[in-house]
Amino acid sequence: MNRRSWFYRGMRDGMPIAIGYFAVAFALGIKASIAHFSAPMAALLSLLNVTSAGEAAGIALISAGTTYVELAFTQLVINIRYLLMSCSLSQKLSPSTSLLHRFLIGYGVTDEIFGISSATQGTLSPYYSYGAIAVAVPGWTLGTFLGAAMGNVLPARASSALGVALYAMFLAIILPPARKSRVLAGLVAISMAASALLTALTRLLSLTWLTEGFRIILLTLLISFGAALLFPVREEGGEVCV
């Protein structure tokens, strides 16, 4: 296949992702408008980041007046999975693929684009990823822009109600794997309970230094580290992957 064929194939496979991104990003845009982001600011945020959970957490922390240090560490913890995905995809690329191509692909690596790229048989062409990115990222950015624009003109109660739709995305990510694994379901329940408990203790004891950003970082590191030690994943051949 030539470059054009790879690119069109990526666009074809990325179109359903773009449609899904538009719907989720619309809810994210409404959330951004509630936090007093303008529509262009919200769109620029989505264009430069392309991370649903990271942007949602970032908007919440910015609106709460968090520090740059907290914001940076929170984004590092939430988005570090993209580093692992990029490393994995780099193994499917031809060794002759230039560093510039690898960097450009890394910009657009999301959960869904990683999924369709990993499922591609044989060596992955960077132009396949470019095709998927070319439709997915505009869908994400446009959805955020329109959501923020509509959020600025809708009544406050309507904006708040529509903003709740963003959490449906997290449920869609969590519930399917949790139904297949009791361990994962238990960890999700523990995470939710621990988050609620820590939030309550913070308010009860007036721990002003334990902000929302640091709570996210603390719980993520502790629960993920404990789960890796107690429930290591065994790869083929019997080797343990912590």
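Predicted model, so just to flag it, every value in this text is computed and none were measured.
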Give a yes or no answer on whether the side chain of [X] reaches the backbone of [Y] with a donor-acceptor pair at less than 3.5 Å.
{"X": "S224", "Y": "L221", "answer": "yes"}
{"X": "S117", "Y": "F114", "answer": "no"}
{"X": "N49", "Y": "T51", "answer": "no"}
{"X": "T66", "Y": "I62", "answer": "no"}
{"X": "K92", "Y": "T120", "answer": "yes"}
{"X": "S195", "Y": "S191", "answer": "no"}
{"X": "S90", "Y": "C87", "answer": "yes"}
{"X": "S63", "Y": "A60", "answer": "yes"}
{"X": "R102", "Y": "T97", "answer": "yes"}

**OP:** Please step through side-chain contact (heavy atoms from CB on, under 4.5 Å) for the pair L218 and L198, ending with a clear verdict.
**Re:** CA-CA 10 Å; L218 180 63; L198 189 58; 4.3 Å; yes

From [X] [atom1] over to [Y] [atom2], what is the distance, rounded to the nearest 0.5 angstrom?
{"X": "S118", "Y": "L124", "atom1": "OG", "atom2": "CG", "answer": "8.5 Å"}
{"X": "L187", "Y": "M192", "atom1": "CG", "atom2": "CE", "answer": "13.0 Å"}
{"X": "I80", "Y": "M85", "atom1": "CD1", "atom2": "CE", "answer": "12.0 Å"}
{"X": "F37", "Y": "L44", "atom1": "CZ", "atom2": "CG", "answer": "10.5 Å"}
{"X": "L28", "Y": "L45", "atom1": "CG", "atom2": "CG", "answer": "7.0 Å"}
{"X": "Y128", "Y": "S5", "atom1": "OH", "atom2": "OG", "answer": "13.5 Å"}

Examine [X] and [Y] and state if one hydrophobic cluster contains both, with Ile, Leu, Val, Met, Phe, Trp and Tyr joined whenever side-chain heavy atoms are less than 4.5 Å apart.
{"X": "L100", "Y": "L93", "value": "yes"}
{"X": "L207", "Y": "L222", "value": "yes"}
{"X": "L89", "Y": "Y107", "value": "yes"}
{"X": "L201", "Y": "I190", "value": "no"}
{"X": "V50", "Y": "L104", "value": "yes"}

Locate the shortest heavy-atom distance separating [X] from [Y]; write the atom from each residue and the value.
{"X": "V24", "Y": "W140", "result": "CG1-CZ3, 3.9 Å"}
{"X": "T141", "Y": "L47", "result": "OG1-CA, 3.6 Å"}
{"X": "S33", "Y": "A148", "result": "CB-O, 3.5 Å"}
{"X": "Y82", "Y": "V109", "result": "CD2-O, 3.4 Å"}
{"X": "S94", "Y": "T123", "result": "N-CG2, 3.6 Å"}
{"X": "Y21", "Y": "A136", "result": "CD2-O, 3.5 Å"}

Just checking M41: does its CE atom have more than 12 heavy atoms from other residues, nucleotides or ligands closer to it than 6.0 angstrom?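 Yes, enclosed.
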
Apply side-chain contact (heavy atoms from CB on, under 4.5 Å) to the pair I133 and T110, showing each step before the final yes or no.
CA-CA 9 Å; I133 293 170; T110 63; over 6 Å; no

query = Does some side-chain heavy atom of T144 sit less than 4.5 Å from a side-chain heavy atom of F26?
reply =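 No, side chains not in contact.
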
**Prompt:** Can you find a pair of side-chain heavy atoms, one from I116 and one from E112, that are under 4.5 Å apart?
**Reply:**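 A side-chain contact under 4.5 Å is absent here.
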
- Item | Whether Y127 and Y130 hold their rings parallel, tilted or perpendicular, with breakpoints at 30° and 60° | perpendicular

Derivation and outcome, side-chain contact (heavy atoms from CB on, under 4.5 Å), residues V135 and I17: CA-CA 8 Å; V135 292; I17 296 176; over 6 Å; no

Given S86 and I105, is the side-chain contact (heavy atoms from CB on, under 4.5 Å) satisfied, shown in steps?
-> CA-CA 8 Å; S86 297; I105 293 173; over 6 Å; no

